[in-house]
Amino acid sequence: MAGKPKLHYFKTRGRMETIRWLLAAAGVEFEEQYIQSKADLEKLKKDGFLLFQQVPMVEIDGMKLVQTRAILNYIAEKYNLGGKDIKQRALIDMYCEGTMDLNEMIIHLPFKPADQKEKETAAIIEKATERYFPVYEKVLKDHGQDFLVGNQLSRADIQLLEAILATEELKADVLSKFPLLKALKTRISNIPNIKTFLQPGSPRKSPPDEKMIAEAMKYLCFT
Ligand SMILES: N[C@@H](CCC(=O)N[C@@H](CS)C(=O)NCC(=O)O)C(=O)O
């Protein structure tokens with residue numbers, strides 16, 4: 001039997017968080033190997049573990065997968081969270097690209113200079129509430145179903161919930177004008193595997209390692 005997937009990333013949300021969420025939603029236990037220094041990252045590169053010299057990297061089913069989207073797609077397909085047919089998959093991809101664009105802005109926030117953080121935070125909240133959340137609210141309103149695609153839980157719902165919680169950390173009442181998203185958040189948060197993942201002490205609830213972020217800022221680059 002294959003061992004647990006092993007996740008290689010920093011002890012932060014970043015690009016790995018949606019991957020953690022998807023595994024958790026699928027009820028898959030995983031191990032985390034945190035990169036804590038430039039030397040740790042260099043070792044992974046030197047050992048030939050990182051195809052494009054970047055993380056996230058997930059060891060799963062005998063593969064060393066990199067590229068966030070490829071990893072998410074694999075897990076979603078494997079655990080039936082990726083849509084039932086080509087049209088559902090297209091919708092799921094489309095919605096997920098939106099949440100990933102929003103996420104990308106949030107991921108970069110800790111790396112912004114201190115005097116730009118307030119302005120950046122306001123810009124993220126504006127984008128979330130004026131560009132992204134209205135779209136998902138309308139999707140739910142128009143089809144009247146419980147989930148974004150195909151009336152069943154998919155990675156589109158999971159990635160959206162993760163992005164909502166991350167945005168709420170910047171501004172708590174960010175869903176005040178989005179009743180259907182609030183209901184979706186409650187519904188998905190109560191799915192047993194996700195509820196467990198959200199418990200204090202779970203990876204999701206681990207406080208960000210500020211020292212590690214400060215250290216990583218010295219050597220990290222993003223594409
Ligand atoms: N397109 C890649 C981008 C990955 C990426 O930018 N990774 C950053 C950390 S979040 C990294 O590994 N930087 C180290 C480096 O480039 O040396 C993905 O989506 O996985």
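Starting from 1, each residue takes its place in the sequence as its number. No experiment lies behind these values; they were computed from the predicted model shown. First listed ligand is number 1; within each ligand, the first listed atom is number 1.
At a 3.5 angstrom cut-off on N or O pairs, Q67 counts as close to ligand 1.
Salt bridge R131/E126: absent, no basic N to carboxylate O contact under 4.0 Å. Looking at E120 and K117, no side-chain N of the basic residue comes within less than 4.0 Å of a carboxylate O on the acidic one, giving no salt bridge.
Residue contact check: P56 has heavy atoms under 4.0 Å from atoms 20 (O) of ligand 1.
With a 4.0 Å cut-off on non-hydrogen atoms, Q54 touches ligand 1 through its backbone as well as its side chain. Under 4.0 Å from ligand 1, the heavy atoms of K45 that appear belong solely to its side chain.
Side-chain contact of R155 with N73: a donor-acceptor pair under 3.5 Å is present, judged by distance alone.
Residues forming a salt bridge (Lys or Arg N to Asp or Glu O under 4.0 Å) with E77 (at least two apart in sequence, or on another chain): R89. Listed by chain and number, the residues in a salt bridge (Lys or Arg N to Asp or Glu O under 4.0 Å) with D61 are K78 (sequence neighbours excluded).
In this structure, Y9 has a heavy atom closer than 4.0 Å to ligand 1.
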